[in-house]
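Every value quoted in this text rests on a predicted model; they were computed, and no experiment measured them. Residue numbers run from 1 in the order of the sequence given.
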Amino acid sequence: MTSPRRGRRSRSPVGEDETVGLAGWMYTDLLLGLAVVFLGSIAFAISATGEREGGEAAAPTTSTTSTTSTTTTTTLPPEECTRLYAVPQTDAGRFRVSVLARTGDEQLAEQFQEEVEAQIEVQNERIEREGIAFPRFSFEDLEVSIVIASGEGLDTNSGVQLARSTMERLQELFPEQLGVSAVRAQWNSRNGSSVEIELFPSVTDLCQNFDL
């Protein structure tokens, strides 16, 4: 007896279905990974533009430079004036001295300084006594503006020459006192070797003290 022949059951290929399923899951995983990377890049870009976490924009930082203005007050020194020393209506504003011209430089300088210092003492006493608005004199600070020198001699030429040469020597010996003096040389008709010298000093003081 022949047993009935069993038919062969058809089966679908399992390997093909599994391959398709795995490919689908891999594609899904790839999309999820790309989405995570995309979201992370957006978050980084937002943070770089200055927004805080949570969506709030970071407050801008403002650098403020404070400038302090300093005002300097300059106080000018009192104004000084220079004028020729003279007492109105008198000849007390001049120093009168006499020196022997034909002598050595050392003797000439000694004569001149002694004579001038004696005149300074007289003038300072008068300034103090009469309350004249002039500073006190000293030989070291003396500045003579004008000099009239009268030289003795037989004639005009010899007298003027003696006066001029004597003053040139004195200006070299006393440049601080006589260096800028304007000198007028003239003849004294007396016969001798002396030179009569009139000195007109200048005085420097505060200008208001000269408003006499």
Revision key, fill the gap. Distance col, row E152:CD vs S98:OG, nearest 0.5 angstrom, shows 7.0 Å
**Study point:** Check against side-chain hydrogen bond (donor to acceptor under 3.5 Å, both in side chains), Q119 and Q123
**Key:** CA-CA 6 Å; Q119 289 290 305; Q123 293 295 334; 4.9 Å; no
Check your understanding: Is the backbone N or O of N188 less than 3.5 Å from a side-chain atom of S150, with the two atoms forming a donor-acceptor pair by type?
Key -> no
Review point. Heavy-atom count around Q107 CD within 6.0 Å, excluding the residue itself: above 12?
Key: yes
Review point. Looking only at side chains, do Q111 and E115 share a donor and an acceptor under 3.5 Å apart?
Key: no
Check your understanding: Between L100 and L108, what is the shortest heavy-atom contact and its length?
Key -> O-CD1, 3.8 Å
Check your understanding: Take atom CZ in R184; do more than 12 heavy atoms of anything else shown fall under 6.0 Å from it?
Key -> no
Review point. Got V147 and L170 here, is their nearest side-chain heavy-atom distance under 4.5 Å?
Key: no
Check your understanding: How close do E198 and R96 get, heavy atom to heavy atom, and via which atoms?
Key -> OE1-NH1, 3.4 Å
Study note, to complete from the structure: Interatomic distance, CD@E117 vs CG@L142, rounded to 0.5 Å, equals 10.0 Å
Point to revise | Minimum side-chain heavy-atom gap R136-I127 below 4.5 Å | key: yes
**Study point:** Distance in Å, E110 CD paired with T103 OG1, rounded so as to fall on 0.5 Å steps
**Key:** 9.5 Å
Practice item. Check step by step if side chain to side chain contact (heavy atoms under 4.5 Å, CB included) holds for Q171 and V183. Key: CA-CA 10 Å; Q171 286 180 310; V183 178; 3.7 Å; yes
Show me the donor-acceptor pairs within less than 3.5 Å that the side chains of residues 159-168 make with the rest of the protein, sequence neighbours left out.
unit_1	atom_1	unit_2	atom_2	d
S165	OG	Q161	O	3.0
S165	OG	L162	O	3.1
T166	OG1	L162	O	2.7

Review point. Picking from F112, F200, F139, F137, what satisfies ring-ring contact (aromatic ring centres under 6.0 Å, His included) with F95?
Key: F137
**Study point:** Nearest non-hydrogen partners of R102 and S193, listed with the distance
**Key:** NH1-CB, 3.0 Å
**Study point:** Atom of E140, atom of Q177 and distance for their closest heavy-atom approach
**Key:** O-NE2, 3.8 Å
**Study point:** Minimum heavy-atom distance S158-L154, with the two atoms named
**Key:** OG-N, 3.3 Å
Review point. Looking only at heavy atoms, which two atoms of Q186 and I148 are closest? And how far apart?
Key: NE2-CG2, 3.7 Å
